[in-house]
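These figures come from a predicted structure and were not determined experimentally.
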Amino acid sequence: MEKPRTAEAGGGGIESSLQQLIQHHHQISLQIQRQTERAKKDALKSAERVSGLLVDSVNMGVKECFVNEKHIEAETRAMLRTVAQYSRQMNRCLAASHALNSVLKEIGDFENWMKIMDYDCKSINAAIRNIHQS
């Protein structure tokens, strides 16, 4: 009968050892679960920070492009005004050039008329001399 007692005593020791192993396993599982949850939360926070930094980086590039676009538009408007001003000046210069060309043409016509008149006067003078000498 003592053997069953030792078996019971030994059995109780195995039960308690198994129970301790189960509790130890349960505690380790809970600890691993907590660590996993903490790691998930840290990973989510890190991902949010990285995505925030990426968005900020992209937004800075977009903002810089927008500012550059505004500067380019302002410069384009200024350039268009300058081109329009130069166009008006060029039109005035062309008009003055055409007027000068017309005046020079008229002077050329007058000079040609003067040469014709000079030739005619010399011809008349020569004719009168010939008549007077004959």
List the atom pairs, with distances to 0.1 Å, where a side-chain N or O of residues 75-102 and a protein N or O form a donor-acceptor pair under 3.5 Å, not counting sequence neighbours.
{"from": "T76", "atom 1": "OG1", "to": "I72", "atom 2": "O", "distance (Å)": "2.7"}
{"from": "T82", "atom 1": "OG1", "to": "A78", "atom 2": "O", "distance (Å)": "3.0"}
{"from": "N91", "atom 1": "ND2", "to": "S87", "atom 2": "O", "distance (Å)": "3.4"}
{"from": "S102", "atom 1": "OG", "to": "H98", "atom 2": "O", "distance (Å)": "3.0"}

Item to check | Same cluster (ILVMFWY, side-chain, under 4.5 Å), M114 and M117 | outcome: yes
Next on the checklist: Using the salt bridge (charged side-chain N to carboxylate O under 4.0 Å, His left out) criterion, which residues pair with K45? Sequence neighbours excluded.
Outcome noted: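 With sequence neighbours excluded, K45 shows a salt bridge (charged side-chain N to carboxylate O under 4.0 Å, His left out) to no residue whatsoever.
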Next on the checklist: According to salt bridge (charged side-chain N to carboxylate O under 4.0 Å, His left out), who are the partners of D118, at least two apart in sequence or on a separate chain?
Outcome noted: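 Counting only residues at least two positions away or on another chain, D118 forms a salt bridge (charged side-chain N to carboxylate O under 4.0 Å, His left out) with K122.
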Determine all donor-acceptor pairs shorter than 3.5 Å in which one atom belongs to a side chain in residues 53-69; sequence neighbours excluded.
{"from": "N59", "atom 1": "ND2", "to": "V55", "atom 2": "O", "distance (Å)": "3.4"}
{"from": "N68", "atom 1": "ND2", "to": "E64", "atom 2": "O", "distance (Å)": "3.4"}

Checklist entry - Any ring pair (Phe, Tyr, Trp, His ring centres under 6.0 Å) pairs touching residues 100-134, not counting sequence neighbours? => result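 Listed once each, the pairs are F110-W113.
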Give every donor-acceptor pair under 3.5 Å between a side-chain atom in residues 19-40 and any protein atom, sequence neighbours left out.
{"from": "S29", "atom 1": "OG", "to": "H25", "atom 2": "O", "distance (Å)": "2.9"}
{"from": "T36", "atom 1": "OG1", "to": "I32", "atom 2": "O", "distance (Å)": "2.7"}

State the [atom1]-[atom2] distance between [X] and [Y], to the nearest 0.5 angstrom.
| X | Y | atom1 | atom2 | answer |
| --- | --- | --- | --- | --- |
| E111 | L104 | CD | CG | 11.0 Å |
| I14 | L18 | CD1 | CG | 7.0 Å |
| I107 | N112 | CD1 | CG | 13.5 Å |
| C121 | I116 | SG | CD1 | 12.0 Å |

